[in-house]
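Not measured: the values here are computed from a predicted model.
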Amino acid sequence: MTDNRETELLARVPDGLFIGGRWRAAEGGKTLQVFDPATGAPVKTIANASPADGMAALDAASDAFPAWAATPARERAEILRRAFDLLQERKEEFALLMTIEMGKPLAEARGEVAYGGEFLRWFGEEASRIQGRYGPNPEGTGRMIVSQHPVGPCFLITPWNFPLAMATRKVAPALAAGCTVVIKPAELTPLTTLYFARLLEDAGLPKGVVNVFTTSTSGAVSEPIIRDPRLRKLSFTGSTPVGQRLLEQAAQGVLRTSMELGGNAPFVVFEDADLDKAVDGAIAAKFRNVGQACTAANRLIVHRAVADEFARRVTERVEGFAIGRGTEEGVTIGPLINEAAVEKAAALVGDAVQRGATLRTGGSAVDGPGTFYQPTVVTDVQPGSDILREEIFGPVLAIVPFDTEDDAVRIANDTEYGLVSYVYTENLARGQRMIERLETGMMGLNVGVVSSAAAPFGGWKMSGLGREGGAEGIHEYLQTKYTLTPNPF
């Protein structure tokens, strides 16, 4: 049941495609519905793009590219800064909108608005810091000029779990670099991106620089865009299998690609860890966004000497969680995104218990409307359990005991993924060894949340290619040119 505030907000969210600076219906007037996962009820009907609509979006981005690439960096930066300021003014609207369409508790949604906004501010500041270099070549016969240039029109595909932050994390560096974009939000949570496009429009972004389409047939609409020679960059956040298919398509045009793919994060607690801090970190790393994050702690690898006490403390915390619609006061666990997510969590827990794990708390879907799953703790998870190989993407905390540092490293690295790891130890030298031994692109040492607009986000192995955020983030949207000129002397 939505209140008047929600109804009024949903009415302000555009329901069309944003192409060439104009909001319009999809070809043939086709539509799709967006649902509230906490109730299962539809909340808005929006345009459902066809392949022709997708190509129109690429047409607009391609046409707008020369002028936007030639726009002074300071002007691009000012637009991003105005977008940041507008987001601060509308932060409550964006937070509520994400809670409605994705389900996360309102307090977490506010945190995402703050996090997502930082990409607008950070890359607005980076726009005027794009640099090259000049100097003599070693032979002394000439002068070398190395310059940076926008890569061209970009196609950005965002996931459903962080509807605002994943859009700003891709759009902001692209615009700062001088690129134009086509963005396709996830079918399950497209409303935030549509509202963000309206915000960019209000911030004074020129027509065609950002184009948005929503669709229920992602593959059919996306593939022609990826195969079009005018496209020069593809950025995707989502599952590894989908990322692999997109890379195959991108190979034909030798596209620049950024892939932020699956994770299977180890959270290692050594016997000398501060258990209070480790429990706090585990709760943050596991249950943020109802466990639906690629950075979520997937395997809690805990030294046998403290495993029982650690399990007791986290179970006590988990049993105190309040489950409900994210708009309700005090709720810490909202719904999973859909029924398939509930079924996956149940299957992983069932497999672990069948193989010998102990169910400490939770372990069941919640009766009633919406797609809720109880926050769950399982201990003594046995080798070979599905829950150790697959990304859980739900509120399930799985604990595996270990005996030695080498055991911990072996268990942590025993995965095809390498996005992020977490380590809790009071031993400085051990912490330094973990930085060098764990095969992940990011690491939290005695902290449970690592993401920052100022830091390079990305993984090793099957967790992806490229980096988002930090000084590295803007270079994903730039290409390098080397020019040799004669010795002027």
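- Defined by atom type and a distance below 3.5 Å, a donor-acceptor pair is missing between the side-chain atoms of R355 and Q382.
- Contact check for I226 versus E223: no side-chain heavy atoms found under the 4.5 Å cut-off.
- Stacking of R299 on the aromatic ring of F267 is not recorded, the 6.0 Å distance cut-off and the 45° axial limit not both being met.
- At a threshold of 4.5 Å between non-hydrogen side-chain atoms, the residues F162 and N289 count as touching.
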_Run K170 and T237 through side-chain hydrogen bond (donor to acceptor under 3.5 Å, both in side chains) and show every step you take._
CA-CA 10 Å; K170 296 180 189 299; T237 297; 2.8 Å; yes
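- Proximity of R467 to H475: side-chain heavy atoms (C-beta onward) are nowhere separated by under 4.5 Å.
- There is a side-chain donor-acceptor pair under 3.5 Å between T440 and S421.
- In this structure the side chain of E476 never reaches within 4.5 angstrom of the side chain of E468, judged on heavy atoms.
- In this structure, F84 has its ring center at least 6.0 angstrom away from the ring center of F123.
- You'll find the ring centres of F270 and Y424 outside the 6.0 Å limit.
- Between R82 and D85, no side-chain nitrogen of the basic residue sits less than 4.0 Å from a carboxylate oxygen of the acidic one, so the salt-bridge criterion is not met.
- Under the 4.5 Å side-chain criterion, counting only non-hydrogen atoms from C-beta, M443 is not in contact with V420.
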*Between D272 and N427, does a side-chain hydrogen bond (donor to acceptor under 3.5 Å, both in side chains) hold up when you go through it step by step?*
CA-CA 7 Å; D272 65 341; N427 184 311; 4.6 Å; no
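- For the residue pair E187 / S218, no side-chain donor-acceptor distance below 3.5 Å is found, with atom types taken as modelled.
- Put simply, the side chain of V171 reaches to within 4.5 Å of the side chain of F196, judged on heavy atoms.
- Counting heavy atoms of neighbouring residues, nucleotides and ligands inside a 6.0 Å radius, atom CD of E316 does not exceed 12 of them.
- In this structure, a donor-acceptor pair under 3.5 Å is absent between the side chains of K461 and T415.
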*Given ring-ring contact (aromatic ring centres under 6.0 Å, His included), test F393 with W160 step by step and report yes or no.*
CA-CA 12 Å; F393 243 63; W160 52 262; 5.7 Å; yes
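- Taking the centre of each ring, W122 and F457 stay at or above the 6.0 Å mark.
- No more than 12 heavy atoms of other residues, nucleotides or ligands sit less than 6.0 Å from atom CD of Q354.
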